[in-house]
Amino acid sequence: MTAPAHARTSADLIRAEEPVLAHNYHPLPVVVARAEGAWVEDVEGRRYLDMLAGYSALNFGHRHPALIQAAHDQLDRLTLTSRAFHNDRLAEFAERLAALTGLDMVLPMNTGAEAVESGIKVARKWAYDVKGVPDGQATIVVAADNFHGRTTTIVSFSTDETARAGFGPFTPGFRIVPYNDLAALEEAVDETTAAVLIEPIQGEAGVIIPDEGYLTGVRELTRRKGCLFIADEIQSGLGRTGRTLAIEHESVVPDVLLLGKALGGGIVPVSAVVARREVMGVLGPGEHGSTFGGNPLAAAVGTAVVGLLETGEFQRRADELGLVLSEGLEALRGHGVSGFRARGLWAGVDVDPALGTGREISERLMREGILVKDTHGSTIRLAPPLTVTADELRSALGTLEKVLGQAG
Ligand SMILES: *Cc1c(COP(=O)(O)O)cnc(C)c1O
């Protein structure tokens with residue numbers, strides 16, 4: 001007999017998943033039951049500071065009051081129409097998102113991977129209709145060590161064997177160059193190139209920040225060679241780095257911007273392709289779509305997210321608290337931290353491998369009430385909600401120091 005969910009312990013619930021849930025994740029052994037702001041609580045009532053924030057889907061913290069209010073209000077009125085009809089929330093969402101990002105037109109989708117897929121389709125169609133690439137020949141240039149999602153086409157141009165092995169045959173038409181290498185990009189882009197697709201900061205790769213000038217260089221190169229610049233800001237965007245978009249650190253505007261994760265306020269999946277009018281204009285009725293994309297609940301929550309970002313408060317917090325984070329990590333350099341990369345409230349921290357794998361450090365931090373996740377090898381990613389306080393951040397850094405001191 002199965003005990004009612006509320007009577008089952010964390011250990012029971014972890015055991016119960018094993019036979020019935022696909023094993024495509026290896027979660028830390030914590031079972032979250034409640035959350036508010038930067039804090040989550042497990043089934044037994046233990047509290048943890050959430051220093052991962054749903055891979056940046058929770059930039060505004062768990063259950064931000066303005067976002068929860070927007071969702072509740074919309075749930076009481078209208079949740080889904082499909083795009084067969086108009087709904088009264090979508091125009092405002094698109095208007096304000098376009099204005100926030102400095103671009104013209106919005107294609108609403110749901111998950112990040114769908115935004116990437118949609119961006120690829122728009123770019124290819126632009127290449128055929130506007131640039132005049134012969135049919136079926138369009139190429140897209142991407143960077144090694146990218147992470148753009150998990151669909152068959154997206155893993156086609158991943159360089160992570162774990163993400164690819166066993167899933168072929170793959171979609172052709174992609175060229176992979178080293179990240180942060182303008183010379184390689186120059187060589188790879190030719191008259192068939194529809195777009196260069198990159199993350200302005202590579203999140204999953206370990207928060208890899210390109211050299212100053214790289215994004216400007218990509219912008220200049222794509223303009224000069226007559227192809228599109230697609231910036232995947234699904235993880236780096238919406239306040240995380242201390243700006244609305246990470247590309248703003250170099251004052252660059254792409255032709256196509258991909259957003260997701262935090263756009264749904266941690267409540268519903270909301271993603272978008274945002275583009276210049278001449279580019280998005282290639283799509284006509286019936287050529288692309290999504291049953292749930294642009295639904296009124298998503299639009300209401302997305303509009304509330306844009307509303308939070310319009311105040312500038314979260315970008316400012318990320319900027320200021322980012323200094324606290326960087327200073328704290330700098331103090332740990334040589335004391336368990338062999339290196340780190342940080343921008344805003346986002347850091348990839350390389351732990352001295354002698355002290356343990358990223359996974360082991362994450363488990364030790366979990367036992368001390370801090371939730372983080374390793375990326376690769378001995379690297380852990382820190383990405384707390386932008387609502388975290390300076391004291392909470394300092395306390396988390398203190399815990400990291402303690403865990404690194406004990407490890408080995
Ligand atoms: C998470 C992520 C995606 C994929 O988003 P999903 O919602 O998981 O499909 C794409 N690009 C980047 C940069 C991401 O971080």
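What you are looking at is a predicted structure, and each value in this text was computed from that prediction instead of being measured. Ligands are counted one by one from 1 in listed order, and the atoms in each one are counted from 1 as well.
- Each of the following atoms of ligand 1 lies closer than 4.0 Å to a heavy atom of Ala113: 4 (C), 5 (O), 6 (P), 9 (O).
- In summary, the atoms of ligand 1 found under 4.0 Å from a heavy atom of Phe147, numbered by their order in the structure, are 1 (C), 2 (C), 3 (C), 11 (N), 12 (C), 13 (C), 14 (C).
- Taken to the nearest 0.5 Å, the CG atom of Asp12 stands 9.5 Å off from the CD1 atom of Ile14.
- Listed by atom number, the atoms of ligand 1 under 4.0 Å from Asp232 heavy atoms are 10 (C), 11 (N), 12 (C), 13 (C).
- Taking the charged nitrogens against the carboxylate oxygens, Glu117 and Lys121 have no contact shorter than 4.0 Å, which rules out a salt bridge.
- The residue from Ala115, Ser236, Gly112, Ala57 that puts a heavy atom closest to atom 6 (P) of ligand 1 is Gly112.
- A salt bridge links Arg276 and Asp255; the closest N-O separation between the charged side-chain nitrogens and carboxylate oxygens is under 4.0 Å.
- Between Arg175 and Glu187, none of the side-chain N atoms (NZ, or NE/NH1/NH2) sits under 4.0 Å from a carboxylate O, so this pair counts as no salt bridge.
- Classified by interplanar angle (parallel below 30°, tilted 30° to 60°, perpendicular above 60°), the ring pair Tyr179/Tyr214 is perpendicular.
- Each of the atoms 1 (C), 2 (C), 3 (C), 14 (C), 15 (O) of ligand 1 lies under 4.0 Å from some heavy atom of Lys261.
- Note: an N/O pair closer than 3.5 Å links Gln235 and ligand 1 by distance alone.
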